[in-house]
Each structure stands twice: as C-alpha cells, then as structure tokens.
Amino acid sequence: MTEDRTNLEWAKLAATARAAREARGLSQGKLAELAGVSEGSVQNLESGKPRSRMPQTVAKIEPYLGWGAGSARAILDGGEPIPAAVPGGGSAGPAATDRLRSKLPLRVVDELESDDPLIDSQVIQLPGTGGARMTVVVHGRPDATPEEIQEALLAWRKAERKLHRQPDDDTEDPAHAANGS
C-alpha cells in the first residue's frame with residue numbers, strides 16, 4: 001500500500017521554502033538558476049498545492065535554501081528543516097547562514113559557498129590602516145582542466161604581486177576612496 005502524501009504539510013513546506021528564499025535575498029528566478037531547475041519548479045514548491053509525490057527538483061533546491069538533504073520531507077512530516085552541513089563537521093544553522101548573508105553581498109556569499117575548485121585564498125593586511133584587511137578567494141571554473149587551473153593559479157599570482165606592489169597615492173581624497181567612486 002502506498003502512502004497518501006496529499007495529507008502532508010504542503011502549505012508549511014511552501015511557506016518555509018519561501019521564507020528561506022527571501023531571507024537569502026533570492027528571487028524565484030535566481031533560486032531556480034542557482035539550483036539548475038526551472039522557475040516553474042520553484043513556483044510549484046511555493047504554491048503549497050498538495051501532491052501525490054515529492055518533486056525531484058526539491059533535492060536540488062534544498063542546499064540553496066540553507067537546508068540539508070531531507071529537509072523538505074522533515075517539514076512535510078511536521079518538523080523543521082535540517083541545517084546544511086558545513087566543512088569540519090558542524091552545521092551552518094539558519095542563524096549562521098543569515099549572519100554571513102547579512103554581512104556580505106549575495107554575490108560574495110554565493111562565491112564563498114561555490115563548489116568551484118578553490119585555487120587560493122588570502123587575507124591581506126592593508127598598510128597604514130591599523131589592522132584593516134581584505135580577503136581574496138580565487139576559484140576556477142567548475143569544468144576546468146588541471147592545465148586551466150594551473151593557468152588560473154599563475155594569473156592569480158601575477159595579480160597578487162601587482163596588488164602587493166601598488167604605489168601609495170596620498171593625493172587621493174580619503175572620502176572619495178572610502179566611497180569606492
């Protein structure tokens with residue numbers, strides 16, 4: 001005998017998914033793009049309409065909502081989403097993820113969470129600032145060959161040398177520099 005899934009909490013899943021998407025500043029279209037699904041799949045998930053089976057696309061969407069695998073099913077059963085696992089065995093619970101997203105632009109968070117090959121990362125102290133620093137994360141293309149990764153690494157090293165050798169320009173207006181314009 002098969003389970004009747006139409007009695008599950010589809011409306012709760014829809015509301016929870018919508019809230020998680022909005023908390024990450026994602027449109028339905030952007031979430032679909034990130035997850036590699038159609039925008040209609042996201043719209044259907046957020047409709048709350050009871051279904052006879054779990055859509056296969058939900059598993060692709062869960063990580064971009066900050067959820068671990070199986071979260072949608074947990075919600076349907078009346079529970080809460082499972083926080084996504086993070087490297088090192090901890091979990092990036094909603095509070096940690098939201099804190100990171102509130103501090104950084106979405107494009108930076110997406111880049112930090114990227115599965116693209118990591119080429120290098122570095123924290124660079126900015127001279128004369130009393131400890132201000134910048135962080136650089138260099139990713140390769142997801143389909144890059146080892147030769148292309150090596151080429152990207154060499155390009156980064158060249159850019160890094162230039163970055164460290166920037167001449168001081170004390171004539172620039174500090175307010176102008178602070179605005180980045």
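Computed from a predicted structure; not experimentally measured.
- Hydrophobic clustering (side-chain heavy atoms under 4.5 Å, transitive across Ile, Leu, Val, Met, Phe, Trp, Tyr) keeps Leu13 apart from Ile82.
- More than 12 heavy-atom neighbours from other residues, nucleotides or ligands sit within 6.0 angstrom of CZ on Arg141.
- Of all heavy-atom pairs spanning Ile75 and Trp67, the tightest one is CD1-CH2, 3.6 Å.
- When all heavy atoms of Leu65 and Ala17 are compared, the closest pair comes out as CD2-O, 3.8 Å.
- In this structure, OG1 in Thr57 is found 10.0 Å from CD in Glu62, a value given to the nearest 0.5 Å.
- Across every non-hydrogen atom of Glu80 and Ala74, the tightest pair is O-CB, 3.6 Å.
- Taken to the nearest 0.5 Å, the NZ atom of Lys158 stands 8.0 Å off from the CZ atom of Arg161.
- There is a path of hydrophobic side-chain contacts, each under 4.5 Å, that joins Ile149 to Val136.
- Of all heavy-atom pairs between Tyr64 and Arg24, the closest is O-CD, 3.4 Å.
- Contact check for Pro55 versus Asn44: no side-chain heavy atoms found under the 4.5 Å cut-off.
- The 12-atom threshold is exceeded at CD of Glu148, counting heavy atoms of other residues, nucleotides or ligands nearer than 6.0 Å.
- With rounding to the nearest 0.5 Å, the separation of CD in Glu33 from CD in Glu39 is 10.5 Å.
- Closest approach of Ser47 and Arg51 over heavy atoms only: OG-NH2, 4.0 Å.
- In the displayed structure, Lys60 atom NZ is contacted under 6.0 Å by at most 12 heavy atoms of other residues, nucleotides or ligands.
- Between atom CD of residue Glu46 and atom CG of residue Leu31 there is a gap of 7.5 Å, rounded to the nearest 0.5 Å.
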